[in-house]
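Here the structure comes first, spelled out in structure tokens, and everything after it is commentary.
Residue numbers count from 1 along this sequence. Computed from a predicted model, the values in this text were never measured in an experiment.
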Amino acid sequence: MKEFKLQGLSCANCAAEMESEIKKLDHGEDSQLKFGSSKLMVDEDVDLAKVRQILKSDGATLVEEEGDEYHHHDHSHGPTMKLLVIFSGLIFGLTFFVESMVPGFVLILMYIVAMAISGYQTFIKGAKNLVRLKFNIDTLMTIALVGAVAIGEWREATMVAILFGLNEYLEGLGMEKARHSMEKLLKVAPKQATLLCEDGTETIVPIESLEKGDIVLVKAGEKIPSDGIVIEGFSSVNEAAITGESLPVEKAPGESLYGGSINNEGLIKVKISKAYQDSSLAKILHLVEDAQDRKTPTELFINRFAKYYTPLIMVISGLVMIAPPILTSAAWGASFYQGLAVLIVGCPCALILSSPIAIIAGITKNARNGILIKGGVFLEQLGKIESIAFDKTGTLTKGEPIVQEVKVYHEDFYKIAGSIEKSSSHPIAKAVMKEVETTQQTLVEPTVVNAIPGKGIEAEIEERAYHIGSEQTITHLTIQEMQQRDIDALKEEGYTLVIVSSDEELLGVFGIADEIREESAGLMQRLHQAGIQHTIMLTGDHEKTARKVAGKIGVTDVYADLLPDQKVDQVKALSQSTKIAMVGDGINDAPALATADLGIAMGKGTDSAIETADIVLMQDHLGKLPSAVKIAKQVNRVVKLNISLALGLKLFALLLTIPGWLTLWVAILSDMGATILVTLISLTILWQKSEVQSHTPKEEVEFQPSA
């Protein structure tokens with residue numbers, strides 16, 4: 001499949017019709033015309049001349065050359081059309097001043113010129129549609145223009161042509177504003193990289209050619225070409241394009257980098273860990289681009305509705321024209337005029353535009369915040385979510401156990417603990433070593449080290465036997481009353497205990513816990529303020545510890561002692577009574593993410609969780625989740641308001657036919673007013689400032705990690 005950028009695409013209905021026509025061509029059955037991103041995907045064997053002809057019928061064109069920027073838009077909303085509408089309006093305005101000075105035929109000629117300048121595209125397309133019995137907005141407008149001219153309403157016909165041209169221009173302008181915002185987001189990808197060759201020379205290469213293992217140099221101010229690891233140099237890096245976080249992150253050798261992030265200062269040497277097409281940035285751009293063209297249930301309904309709506313309006317228009325004269329003494333001319341006005345009121349533009357601009361704006365706004373929503377359907381779903389379930393480890397917690405409390409009963413406590421644990425890679429051993437290092441002990445090498453399953457480790461140091469591990473390692477000792485109270489108190493706090501002892505006495509106890517993320521406590525409150533009714537923690541911890549944590553972070557419901565398959569069962573059960581989203585980061589969370597109404601993954605989690613999820617948070621925290629929920633709810637409100645306005649204004653105008661007050665002027669103004677309103681209301685989603693939230697830890701809270 002070959003991809004082309006399009007110019008002049010502003011009408012969603014027209015885009016769907018053109019896609020249908022292109023699919024009828026030889027080899028065109030798999031073609032896709034993406035209205036949201038203004039792109040066309042066609043088979044390489046498709047006759048491009050015929051494709052261009054189909055696009056030309058609606059004022060759209062192909063952009064085939066790379067790097068072409070389309071700053072003009074032929075479909076009634078580029079600078080050319082803008083000038084035509086202005087010129088047409090000036091001629092129309094002039095008719096008011098010369099009306100009493102020139103013969104009638106000159107005035108009519110001025111009306112025709114003004115009408116032709118702003119309405120010739122509509123008339124040509126509408127005439128072709130009439131021949132093919134295809135009824136859309138252009139058909140409606142053409143019939144209305146011809147009808148108005150036929151009954152001698154030259155001034156109103158001209159006004160209809162000018163206002164419709166202005167309406168189309170503004171409609172396209174709004175769509176392009178949303179597209180342009182998305183395009184700015186997609187331009188973060190670097191184009192080239194400085195490859196360090198084996199012989200030490202430097203070569204500028206396209207980022208698409210980079211492979212895993214390549215070494216690249218990144219200078220100050222340049223973008224990291226793909227995901228990689230720093231192997232030489234120190235710098236701070238701006239990851240805002242990926243995570244939405246504006247604060248720079250310090251990077252040293254051994255630390256990972258996102259492609260697309262900016263090196264703030266200093267020269268760094270980076271080893272590429274992923275080819276560009278597999279990098280985080282490439283995945284983000286692909287997700288964001290695809291998201292624009294995934295239709296929501298509301299959009300699909302509107303499109304189906306519009307398909308039958310236009311013919312229905314034509315039937316109603318016909319009835320307005322003929323029913324009153326036949327059934328009453330109404331004049332044929334007045335009824336015909338009213339019928340023409342009904343045709344204009346029936347324009348479905350505002351209705352069709354009520355959703356896509358708002359959806360694109362919402363996806364873009366979230367993407368700027370580092371929140372990737374894989375389609376409008378998931379954005380709409382997020383706005384309807386009532387409950388959010390959270391996995392514990394790595395999501396609500398940092399997933400890294402640390403020593404929180406220490407009880408020391410012997411001066412050699414730290415020395416013995418560090419000497420035994422220094423060679424272990426177990427997370428709890430690492431936590432112990434981090435605490436021991438703060439005491440600057442001189443460690444010794446054990447002569448014997450034996451792991452005892454279910455208990456801990458036995459070691460011999462300086463010809464004495466020592467033990468480190470759980471309470472099972474001190475069953476041979478008689479514990480003093482004070483020491484037992486300390487142990488019971490640490491257990492009551494929910495800590496995991498690491499006890500150090502010799503064959504004769506207890507040396508001390510480490511109380512270890514997994515830290516709660518700094519933002520978790522405030523997060524629950526902000527989610528509830530955003531409209532989430534229930535926040536739920538799913539954990540493998542025992543009930544007592546889980547309840548203690550729930551009280552600290554403010555979740556409303558807790559389900560403890562859950563295995564991964566039990567989490568899935570719990571999510572299934574909850575989804576029966578509430579619309580639920582699941583947030584997780586590990587491979588064991590993927591089934592639960594897929595089971596929930598909406599799956600939300602942490603961007604620094606596993607690939608399986610990210611692939612399974614419908615929404616990806618590129619930050620390593622949940623701080624911007626409430627903002628995403630607010631944006632989604634705002635988008636849903638905007639879409640509902642737009643639909644109400646679009647249909648409400650049309651219904652109001654149609655009701656004016658009963659007393660005979662509906663004129664062509666009122667009809668076009670109601671249609672244009674609805675279109676402008678839904679466009680402007682949709683764009684307010686982009687204009688509103690993002691919520692700024694600090695994640696500086698005010699205090700450290702902790703709880704026991706699950707086994």
Side-chain angles (χ1 to χ4, degrees), residues 184-185 187-190 193-194 207 210 214-274 276 278-285 287-288 366-372 394-400 402 430 434 515-520 522-523 585 601-607 609-610 616-628 690-698 700:
K184 280 203 300 187
L185 189 71
K187 285 179 182 175
V188 298
T194 304
I207 59 168
L210 291 177
D214 284 347
I215 307 295
V216 297
L217 295 175
V218 185
K219 299 173 185 175
E222 291 184 344
K223 292 178 180 176
I224 313 298
S226 186
D227 292 4
I229 298 169
V230 179
I231 58 173
E232 190 178 303
F234 296 84
S235 184
S236 65
V237 172
N238 184 341
E239 297 181 341
I242 311 298
T243 66
E245 301 285 7
S246 57
L247 292 176
V249 182
E250 298 296 327
K251 297 291 182 180
E255 295 194 87
S256 60
L257 296 165
Y258 281 129
S261 50
I262 300 170
N263 179 20
N264 286 334
E265 75 269 342
L267 178 70
I268 54 174
K269 193 180 288 185
V270 180
K271 184 176 183 179
I272 300 299
S273 58
K274 290 181 181 177
Y276 173 72
D278 299 322
S279 69
S280 301
L281 179 63
K283 286 181 180 178
I284 289 170
L285 301 186
L287 286 175
V288 170
N366 275 310
R368 286 177 185 170
N369 288 338
I371 300 163
L372 304 182
T395 304
L396 293 175
T397 74
K398 293 182 177 180
E400 297 176 0
I402 64 168
K430 288 181 179 179
K434 192 175 288 187
E515 280 185 287
I516 290 179
R517 290 177 178 272
E518 292 86 355
E519 78 277 5
S520 290
L523 173 76
D585 78 322
M602 305 281 281
K604 292 188 179 178
T606 62
D607 286 343
I610 293 171
V616 180
L617 308 176
M618 292 308 297
Q619 311 87 17
D620 192 28
H621 60 74
L622 300 171
K624 294 193 176 181
L625 182 56
S627 174
S690 298
E691 170 184 336
V692 178
Q693 178 70 23
S694 170
H695 303 295
T696 305
K698 293 181 181 178
E700 292 184 355

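In plain terms, the two heavy atoms of D227 and G259 that are nearest each other are OD1-N, 2.9 Å. Scanning all heavy atoms of the two residues, the minimum distance from K251 to S256 falls at NZ-O, 2.9 Å. For E255 against E250, the heavy-atom pair with the smallest separation is OE2-O, 3.6 Å. When all heavy atoms of I231 and K271 are compared, the closest pair comes out as CG2-CB, 3.9 Å. Closest approach of I262 and G221 over heavy atoms only: CG2-O, 3.9 Å. When all heavy atoms of L257 and V237 are compared, the pair lying nearest together is CD2-CG2, 3.8 Å.
Rounding to the nearest 0.5 Å places CD1 of I371 at 5.5 Å from OG of S627. In this structure, CD on E265 lies 7.0 Å from CG on N263, to the nearest 0.5 angstrom. Expressed to the nearest 0.5 Å, how far CD1 of I268 lies from CD1 of I229 amounts to 12.5 Å. To the nearest 0.5 Å, atom CG of residue L617 and atom CG of residue N366 are 9.5 Å apart. With values rounded to the nearest 0.5 angstrom, N264 atom CG is found 4.0 Å from S236 atom OG.
Side chain of S520 to main chain of L396: a donor-acceptor pair is present (N/O by atom type, distance under 3.5 Å, no hydrogens or angles).
Residues S226 and Y258 fail the side-chain proximity criterion, which asks for heavy atoms closer than 4.5 Å.
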Decide yes or no on side-chain contact (heavy atoms from CB on, under 4.5 Å) for I215 and K269, but give the supporting numbers first.
CA-CA 7 Å; I215 307 295; K269 193 180 288 185; 3.4 Å; yes

Worked check of side-chain contact (heavy atoms from CB on, under 4.5 Å) between T194 and V216
CA-CA 5 Å; T194 304; V216 297; 5.7 Å; no

